[in-house]
Colleague: 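Quick one: the structure is below, questions incoming.
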Amino acid sequence: MCGIVGYIGDKNCTPILLNGLKKLEYRGYDSAGIAIYNTHGLKVVKCKGRLSCLEDRINEEKPYGCLGIGHTRWATHGEPNDVNSHPHISKSGNIAVVHNGIIENYLKLKEFLILQGYEFVSDTDTEVIAHLVEYHYKGDLVQAVINTISELEGSYALGVISRDSNEEFVAARKDSPLIVGLGDGENFIASDIPAILEYTRDVYILEDREIAVLRKDGVKVFNHFGTEVKKEVFHVNWDVSAAEKSGYEHFMIKEIFEEPKVVRDTINPRIKDNSIVLDDIHISPQDLENIDKIFIVACGTAYHAGIVGKYIIEKLAGIPVEVDLASEFRYRDPIINDRNLVIIISQSGETIDTLFALREAKSKGAKVLSIVNVVGSSIARESDNVLYTWAGPEIAVASTKAYNTQLAALYLIALDFAAKKGTIDAQALDRHIQSLRALPEAIEKVLSNRENIQKFAAGHYNARSIFYIGRGLDYALSMEGSLKLKEISYIHSEAYAGGELKHGTIALIEDGTLVVCSMTQDSLFEKTVSNVKEVKARGAVVMAITQEKNKRIDDIVDMVITIPDVDPFVAPIVAITAMQLFAYYMAVQKGCDVDKPRNLAKSVTVE
Ligand code: M6R
C-alpha cells in the first residue's frame with residue numbers, strides 16, 4: 001500500500017525523502033513523487049513507475065529544500081500514471097498533499113468543490129483533500145487540516161505542506177498507519193519505522209484522528225477537537241540491519257533464515273519451569289469457563305495460521321473454533337456474543353479488513369486477543385490482550401517468518417488454555433513443551449538441507465499449475481505453501497484436502513502435473529499415501545514433504561524433501577520452511593521480483 005515520508009529540518013530533504021521511500025518500497029507501489037518547499041513555491045516531481053524513474057527526474061530537476069513530503073502510490077482510484085501520482089496540489093498551488101487510504105465520500109466532496117470553482121486534473125480521491133484544505137485555509141494550516149478531516153469519510157494518513165510556511169507541516173491519520181520520528185533539530189513522518197530509522201529511534205505512534213504539527217525544533221500532537229495531547233515516546237529497540245538485506249540476495253530469503261531465531265524468541269521467554277507463562281495476556285481459568293466458542297479472524301497467510309490454530313485449540317483445549325476471513329467476517333453479520341473470544345492474527349497489525357473485523361467483534365461484546373508482530377500497531381492497541389510474535393520487521397511482501405511465529409503463538413495459547421481448563425495432563429504438557437523447544441534446531445536442519453529443494457525447483461520452474469495436497473494439519477499447511485508459490489512465482493496453484501481430490505479436482509491431473517504433498521501426520525499417513533497413488537496413476541509428478549522416518553516413500557514419489565523427526569503436532573512450523581524455500585527458488589529461477597511481487601502490497605490498508 002502507499003508509503004508516506006515527510007521531513008523538516010536544516011538538511012536538503014530530497015535525499016532523505018528518497019531514502020525513506022526506498023525503505024517503504026516493500027509496501028508495494030506503482031508510482032512515486034515528492035513535493036518540496038523552496039523559495040519559488042512548492043516544487044513537485046512525480047512519475048509512474050519505480051523509484052529509479054523518480055530518481056532520474058530528480059537528478060534532472062534537482063529540487064532543493066529543507067521541508068518536504070514524499071509518497072509511493074499503490075493505485076486505487078485511477079490508473080497508475082504521472083498525473084494520478086502523489087503529491088497532489090491545490091488549485092492555487094498553495095497546498096501539497098500525500099495520502100494513504102481511501103476517501104469514501106470523495107465524489108460528494110468533489111461535486112461541492114467543483115461548485116466552488118475548483119478544477120480536478122486527476123482521477124484520484126486524494127485530490128479532493130488538497131482542494132479542501134485550500135478551501136478551509138485562512139492562514140492557519142493546522143485549522144484547515146482539522147476542518148478538512150472532519151469532512152472526510154474513510155481512511156487516511158496524510159502529510160500536508162503549504163507554500164505559505166517553511167516552518168511547519170501537518171500530518172494526520174485515521175485507519176491508516178503513520179508515525180512521527182523525533183530527531184535533533186529535525187523531525188519526520190513515515191508510514192513505517194524503517195523509513196526513518198537511520199535518523200532516529202524515538203517515535204510517536206499517532207492514534208486515529210490525531211493531528212501532528214511538525215517544526216524542526218519540536219512536534220505537537222492534537223486531537224480532532226484541536227486540544228493538545230501528551231504522547232509517549234516509543235523507543236525502537238531493533239536496529240537498521242534488521243530492516244536491511246545484510247548480504248542476502250532478497251529480504252525473503254534473509255527472513256526465512258531468521259526463522260530459527262524468531263521462533264526461539266517467540267517461544268522461550270514464555271516457557272518457565274516447564275509450564276507456559278503468558279504474562280502479556282490476562283485470561284483466567286474463570287474467563288475460559290465463560291468462553292463457549294472462539295473465532296479466529298485474519299487475512300492471507302495469517303488466516304492460514306488461524307486454520308492450524310483451529311485444529312490445535314480444539315484438540316488441546318476442547319473449545320470449538322471457527323476460522324473466518326476478515327473481509328467476510330465483517331459483512332456476514334456473525335453471531336457473536338460476550339461468551340466468545342475472538343483471536344485476531346496480523347503481522348502488520350494494520351490490515352484494514354482485520355482491524356474492522358476486530359471492531360465488529362468488540363461492538364458485539366466479544367473479548368479480543370490478538371497475535372500481532374508490530375508493537376503499537378492499530379490492532380495491538382485496540383485489542384483487549386496482545387501476544388506479540390517476536391519476528392522483527394518483515395520486509396518481503398510474502399510473509400514467511402511471521403507465519404512460523406504466528407503458529408508458535410497459537411501453540412502457546414492452545415497449551416495455556418488447555419492447562420487452565422484442565423484438558424491436558426502434566427505429562428502431555430511436558431511432551432508438547434519439549435516439542436516446541438526442539439523447533440528452532442529442526443528448522444535449522446531444513447535450512448541446511450535446502451540444496452535438494454533448490455535442485456528440484458530448478459527442474460520444475462516452468463510448471464504451469466501446481467497442486468498442494470495434505471490431510472488434517474497438512475491440509476492447513478498446504479494452503480500456505482500454495483499461497484506462497486502463487487504470490488511470488490505467479491504459477492497457478494491450489495491446495496486441496498487429500499481426500500477431497502477425487503470429488504472433482506483430480507480431473508485436472510494429467511501427465512506431468514506437479515503435486516506437492518505434505519505427509520507429516522502419522523495418523524493420516526497411509527490415507528495420504530493412497531492419495532499420492534491416485535495422482536501418480538494419472539501421471540502426476542509428486543514432491544513429498546515428510547519426516548526423515550518416512551523416507552521410504554521415495555519409491556512411490558518423485559522427490560522426498562525430509563524434515564527432522566519432529567512431533568506431527570508441531571510439524572507445520574518446520575515443514576512450512578521447506579515450502580517457503582521451494583516457492584522462493586521457483587520464483588528466483590523464473591526471474592521474478594521476489595520481494596515485491598506484482599500487484600501486491602505488504603500492508604493492506606484499504607478494504
Ligand atoms: O499484516 P497481516 O498479517 O494482517 O497481512 C495479512 C495478509 O495481507 C498477508 O498475510 C498476505 O497474504 C501476505 N502477502 C502473504 O504472504
Side-chain angles (χ1 to χ4, degrees), residues 1 26-28 74 175-177 191-193 250-253 255-256 259 262 296-309 323-330 342-359 368 370-383 386-389 391-410 476-477 479-490 493 495 576-577 579-584 586-587 592-607:
M1 294 287 113
Y26 73 90
R27 298 169 67 82
W74 189 82
D175 296 334
S176 287
S191 298
D192 198 2
I193 291 167
H250 299 103
F251 278 110
M252 183 174 172
I253 192 72
E255 288 162 6
I256 294 174
E259 287 171 2
V262 298
I296 301 183
V297 186
C299 302
T301 287
Y303 169 75
H304 295 152
I307 297 173
V308 174
V323 192
D324 264 88
L325 289 165
S327 53
E328 292 293 314
F329 181 80
R330 183 182 174 207
V342 174
I343 300 181
I344 294 279
I345 311 175
S346 175
Q347 186 283 129
S348 62
E350 299 293 348
T351 303
I352 206 92
D353 288 324
T354 315
L355 179 63
F356 286 165
L358 177 157
R359 290 179 186 165
V368 171
S370 64
I371 298 173
V372 176
N373 194 40
V374 178
V375 177
S377 54
S378 302
I379 290 174
R381 291 198 316 268
E382 294 191 27
S383 301
V386 186
L387 189 68
Y388 282 108
T389 50
E394 192 180 65
I395 306 293
V397 166
S399 189
T400 54
K401 61 177 178 171
Y403 175 81
N404 301 60
T405 58
Q406 284 161 354
L407 293 192
L410 284 160
L477 176 67
M479 291 184 205
E480 177 54 12
S482 169
L483 175 67
K484 221 50 21 189
L485 180 86
K486 57 191 151 200
E487 65 182 336
I488 59 166
S489 73
Y490 316 141
S493 170
I576 192 59
T577 304
M579 289 190 168
Q580 294 162 347
L581 287 169
F582 179 62
Y584 174 76
M586 293 288 272
C592 299
D593 190 349
V594 173
D595 284 337
K596 298 187 287 285
R598 68 184 181 207
N599 305 338
L600 295 182
K602 181 67 180 167
S603 177
V604 185
T605 51
V606 294
E607 271 196 90

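One-based numbering, in listed order, for ligands and for the atoms of each. Just so you know, residue 1 is the first one in the sequence shown, and it goes up from there.
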Colleague: Considering only the protein, which heavy-atom contact is closest to atom 7 (C) of ligand 1, and what is its distance?
Modeller: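 Going by distance alone, atom 7 (C) of ligand 1 is nearest to C299 O, 3.6 Å.
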Colleague: Within ligand 1, which atoms have a heavy atom of E487 less than 4.0 Å away?
Modeller: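 Selected atoms, number and element: 13 (C), 14 (N), 15 (C), 16 (O).
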Colleague: Which residue holds the protein heavy atom closest to atom 3 (O) of ligand 1, what is that atom called, and what is the gap in Å?
Modeller: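 Heavy-atom neighbour on the protein nearest atom 3 (O) of ligand 1: Q347 N, 2.6 Å.
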Colleague: Using modelled atom types only, decide if a donor and an acceptor are shared between the side chain of N373 and the backbone of P393 within a distance under 3.5 Å.
Modeller: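 Such a contact is absent between N373 side chain and P393 backbone.
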Colleague: What is the closest protein heavy atom to atom 12 (O) of ligand 1, and at what distance does it sit?
Modeller: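 It is G300 CA, 3.3 Å.
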Colleague: Would you say V397 touches ligand 1, if touching means a heavy atom closer than 4.0 Å?
Modeller: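 Right, V397 reaches ligand 1.
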Colleague: Give a yes-or-no answer on whether the side chains of S399 and Q347 include a donor-acceptor pair shorter than 3.5 Å.
Modeller: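 Their side chains do not contain a donor-acceptor pair, so the 3.5 Å distance test is not met.
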Colleague: Strictly distance-based, threshold 3.5 Å: is any side-chain N or O of R381 a donor or acceptor partner for the main-chain N or O of G376?
Modeller: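 Checked: pair present.
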Colleague: Please determine which of L387, I371, T405, T389 meets the side chain to side chain contact (heavy atoms under 4.5 Å, CB included) test together with L410.
Modeller: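 Among L387, I371, T405, T389, the one meeting side chain to side chain contact (heavy atoms under 4.5 Å, CB included) with L410 is I371.
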Colleague: Is the shortest N/O to N/O distance between T351 and ligand 1 below 3.5 Å?
Modeller: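 The answer is yes, given that T351 and ligand 1 share an N or O pair closer than 3.5 Å.
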Colleague: Got the closest protein heavy atom to atom 8 (O) of ligand 1, with its distance?
Modeller: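 Closest protein heavy atom to atom 8 (O) of ligand 1: V604 CG2, 4.0 Å.
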Colleague: Would you mind checking if K401 and E394 are paired as a salt bridge, meaning a charged N to carboxylate O distance below 4.0 Å?
Modeller: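 Between K401 and E394 there is no salt bridge, as every charged N stays at least 4.0 Å from the carboxylate O atoms.
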Colleague: For D353, does its backbone N or O pair with a side-chain atom of T351 as donor and acceptor, under 3.5 Å?
Modeller: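 No; zero donor-acceptor contacts below 3.5 Å.
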Colleague: Quick one, I576 with E480, criterion side-chain contact (heavy atoms from CB on, under 4.5 Å). Give me CA distance, side-chain angles, the key distance, then yes/no.
Modeller: CA-CA 8 Å; I576 192 59; E480 177 54 12; 3.5 Å; yes
Colleague: Starting from atom 1 (O) of ligand 1, which protein heavy atom do you reach first, and at what distance in Å?
Modeller: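 Looking only at protein heavy atoms, the one closest to atom 1 (O) of ligand 1 is S348 OG, 2.7 Å.
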Colleague: Quick one: nearest non-hydrogen protein atom to atom 10 (O) of ligand 1, plus distance?
Modeller: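 In this structure, atom 10 (O) of ligand 1 has T301 N, 3.1 Å as its nearest protein heavy atom.
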Colleague: Within ligand 1, which atoms have a heavy atom of A398 less than 4.0 Å away?
Modeller: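 The list of qualifying atoms is 16 (O).
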Colleague: Can you find a side-chain donor-acceptor pair between K484 and T301 that sits under 3.5 Å?
Modeller: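 On atom types as modelled, these side chains qualify, holding a pair under 3.5 Å.
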Colleague: Any non-hydrogen atom of E350 lying under 4.0 Å from ligand 1?
Modeller: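 For ligand 1, residue contact (heavy atoms, under 4.0 Å) with E350 is absent.
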Colleague: Short N/O distance, under 3.5 Å, between Q406 and ligand 1?
Modeller: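 Between Q406 and ligand 1, no N or O pair is found under 3.5 Å apart.
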